[in-house]
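Counting convention: from 1, in listed order, for ligands and their atoms alike.
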Amino acid sequence: MNTSDTIVTKRATVPTIESLLFTPHPVLDHGFVTVVDYMGDDAAICQAARVSYGKGTRSVSDNRNLINYLMRHRHTSPFEMCVLKLHLKMPLFVARQWVRHRMASINEYSARYSVLDKEFYVPEEGVICTQSANNKQGRGEQISPKKAREVAERLAREAQQSYHTYEQFLGEEYSLARELARINLPLSMYTQFYWKIDLHNLFHFLTLRCEEHAQYEIREYAHVILRIVESWVPLSFAAFKDYRLNAVTFSQTMMGVLRRILAGENVQQKNSGLTKREWEEFQASLSTSPHQ
Ligand SMILES: Cc1cc2nc3c(=O)[nH]c(=O)nc-3n(C[C@H](O)[C@H](O)[C@H](O)COP(=O)(O)OP(=O)(O)OC[C@H]3O[C@@H](n4cnc5c(N)ncnc54)[C@H](O)[C@@H]3O)c2cc1C
């Protein structure tokens, strides 16, 4: 086909995501998120949902109400009718977290087959922090600018050294197999993969990885994808934001506490029936600022 030829398609297209196709959105120092393909739109979700009860009305506000209803009641299968395919580039330690999301298809760059690029992630000084005192899986306070510079310099220097060894192993002196030469490279090395996921599972991914307990680096990617989803399926995105991303779940005991507070009672942790941790999470849920 001549590249200047255009094909009229009967498939659903969304101009706002069409304009993003094949354009990398930079993330971290060398990473990116690129939309490679997509299938479906808000109307496709409604169309799938309506198959349950035959033809219905088709106005935008009907679609919005239907999508809100589906999201509210976790009627999830219509959201599986939309699919997004991304080309992603990220440090290996982020990819390790990423691949835990099993309800997606992946095809990754092979370092057995090809030589890895000389690219490492070095965190910006502002995100180099001490171990958190109250969250065993997270960052606490920023360390001093002097120490942060030292950390960044050591990370960069030692990654360069590892890469130098990698190049030597690949070179004439050793002619080592690529699958062995790579094994001393650091987790900060970048990898690339294609990732295809349906919208229901993507919303699940975004709920987990936009959340503040997720590691900063994976959150950076999740936030870029959030904006892509917003431009692709705005009605579903709005429903997701309202009913899932910025929503909170309360246990039965927490609901009891909430009712007592609403009735004017001065409830304290000690007489709440909640553990200290539950109480803190309950308080945090009431004051969490929403994602925009
Ligand atoms: C903040 C945070 C901290 C984490 N810490 C750790 C950690 O310390 N150690 C660790 O190992 N992991 C950790 N994880 C990974 C986490 O446990 C999940 O593996 C990851 O978030 C993927 O979630 P998922 O299984 O729901 O997603 P997916 O794999 O995409 O699955 C989606 C849903 O499909 C269903 N499903 C998929 N596969 C199966 C299956 N085999 N059996 C039954 N149901 C299935 C489940 O309902 C699941 O929720 C962490 C994740 C987060 C967000």
Side-chain angles (χ1 to χ4, degrees), residues 27-28 31 33 35-40 45 48 70-88 90-108 121 123 127-141 186-188 191-229 232-233 236-237 239-241 243-251 275-278 280-285 287-291:
V27 192
L28 304 181
V33 173
V35 182
V36 175
D37 208 352
Y38 67 97
M39 182 178 86
I45 294 163
L70 297 172
M71 187 66 76
R72 230 173 27 247
H73 295 279
R74 295 184 185 264
H75 184 171
T76 53
S77 50
F79 294 101
E80 293 170 26
M81 301 299 154
C82 288
V83 177
L84 186 64
K85 184 158 74 178
L86 301 173
H87 180 188
L88 299 162
M90 65 186 66
L92 286 168
F93 69 92
V94 180
R96 269 197 75 172
Q97 297 176 343
W98 205 285
V99 299
R100 300 301 307 279
H101 296 268
R102 296 157 290 178
M103 302 310 287
S105 303
I106 268 193
N107 195 62
E108 189 179 6
Y121 169 60
V127 299
I128 299 181
C129 304
T130 58
Q131 173 60 44
S132 164
N134 50 15
N135 172 7
K136 289 189 177 146
Q137 258 194 343
R139 280 173 227 196
E141 302 294 314
L187 285 174
S188 58
T191 186
Q192 300 186 31
F193 52 91
Y194 270 51
W195 192 60
K196 180 179 72 78
I197 188 162
D198 68 56
L199 187 58
H200 163 61
N201 283 295
L202 183 56
F203 280 149
H204 179 63
F205 170 89
L206 291 171
T207 306
L208 293 172
R209 299 303 181 177
C210 289
E211 215 257 340
E212 62 170 14
H213 291 102
Q215 183 162 346
Y216 161 77
E217 283 78 10
I218 199 166
R219 267 191 281 138
E220 287 292 283
Y221 286 86
H223 282 119
V224 169
I225 297 174
L226 210 56
R227 296 278 80 90
I228 291 169
V229 174
W232 171 32
V233 280
S236 303
F237 178 79
F240 166 65
K241 215 170 76 165
Y243 298 113
R244 302 282 292 284
L245 190 65
N246 290 327
V248 292
T249 304
F250 288 138
S251 67
T275 64
K276 187 166 174 291
R277 182 130 190 208
E278 283 175 325
E280 282 165 7
E281 286 175 8
F282 176 62
Q283 298 289 322
S285 295
S287 59
T288 302
S289 49
H291 290 270

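The residue from H200, E212, R102, H204 that puts a heavy atom closest to atom 28 (P) of ligand 1 is R102.
Here the closest non-hydrogen pair linking L199 and F79 is CB-O, 3.1 Å. Across A104 and W195, no two heavy atoms sit closer than the pair CB-NE1, 3.3 Å.
Protein heavy atoms are found less than 4.0 angstrom from atom 10 (C) of ligand 1. Shown here, atom 1 (C) of ligand 1 is in close reach of the protein: a heavy atom of it lies under 4.0 Å off. Within the 4.0 angstrom cut-off, atom 35 (C) of ligand 1 has no protein heavy-atom neighbours. Note that atom 17 (O) of ligand 1 has no protein non-hydrogen atoms nearby, at separations under 4.0 angstrom. Under the 4.0 angstrom criterion, atom 26 (O) of ligand 1 counts as having a protein heavy-atom contact. Within a 4.0 Å radius of atom 47 (O) of ligand 1, the protein contributes no non-hydrogen atoms. Using a 4.0 Å threshold on non-hydrogen atoms, atom 53 (C) of ligand 1 counts as touching the protein.
Salt-bridge formation is not detected for the pair E217/R96: no Lys NZ or Arg NE/NH1/NH2 atom is positioned less than 4.0 Å from an Asp or Glu carboxylate oxygen.
Relative orientation of the F93 and Y121 rings is tilted, given thresholds of 30° and 60° on the angle between their planes. Using a 30° and 60° split on the angle between ring planes, W98 and F205 fall in the tilted class, from 30° to 60°.
Between H213 and ligand 1, no N or O atom pair is found at a separation short of 3.5 Å. Between N201 and ligand 1, no N or O atom pair is found at a separation short of 3.5 Å. The shortest N or O to N or O distance between M103 and ligand 1 is under 3.5 Å.
Residue L208 has at least one heavy-atom neighbour below 4.0 Å for each of these atoms of ligand 1: 21 (O), 23 (O), 53 (C).
At distances below 3.5 Å, at least one donor-acceptor pair connects side-chain atoms of Q131 with backbone N or O atoms of G138. Although no hydrogens or angles enter the test, the distance criterion places no donor-acceptor pair under 3.5 Å between the side chain of R244 and the main chain of T207. For the pair T130 (side chain) and E141 (backbone), a donor-acceptor distance under 3.5 Å is present.
For the side-chain hydrogen bond (donor to acceptor under 3.5 Å, both in side chains) with Q215, the qualifying choice from R209, Q97, E220 is Q97, the only one to do so. No option in V99, I197, L88 other than V99 meets the side chain to side chain contact (heavy atoms under 4.5 Å, CB included) test with I106.
Residue contacts with ligand 1, taken as heavy atom pairs separated by less than 4.0 Å, involve R209 solely via side-chain atoms from C-beta onward. Neither the backbone nor the side chain of Q215 has any atom closer than 4.0 Å to an atom of ligand 1 (non-hydrogen atoms only).
Shortest contact from atom 13 (C) of ligand 1 to any protein heavy atom: R100 NH1, 4.2 Å. Looking at atom 5 (N) of ligand 1, its nearest protein heavy atom turns out to be Q137 NE2, 3.1 Å.
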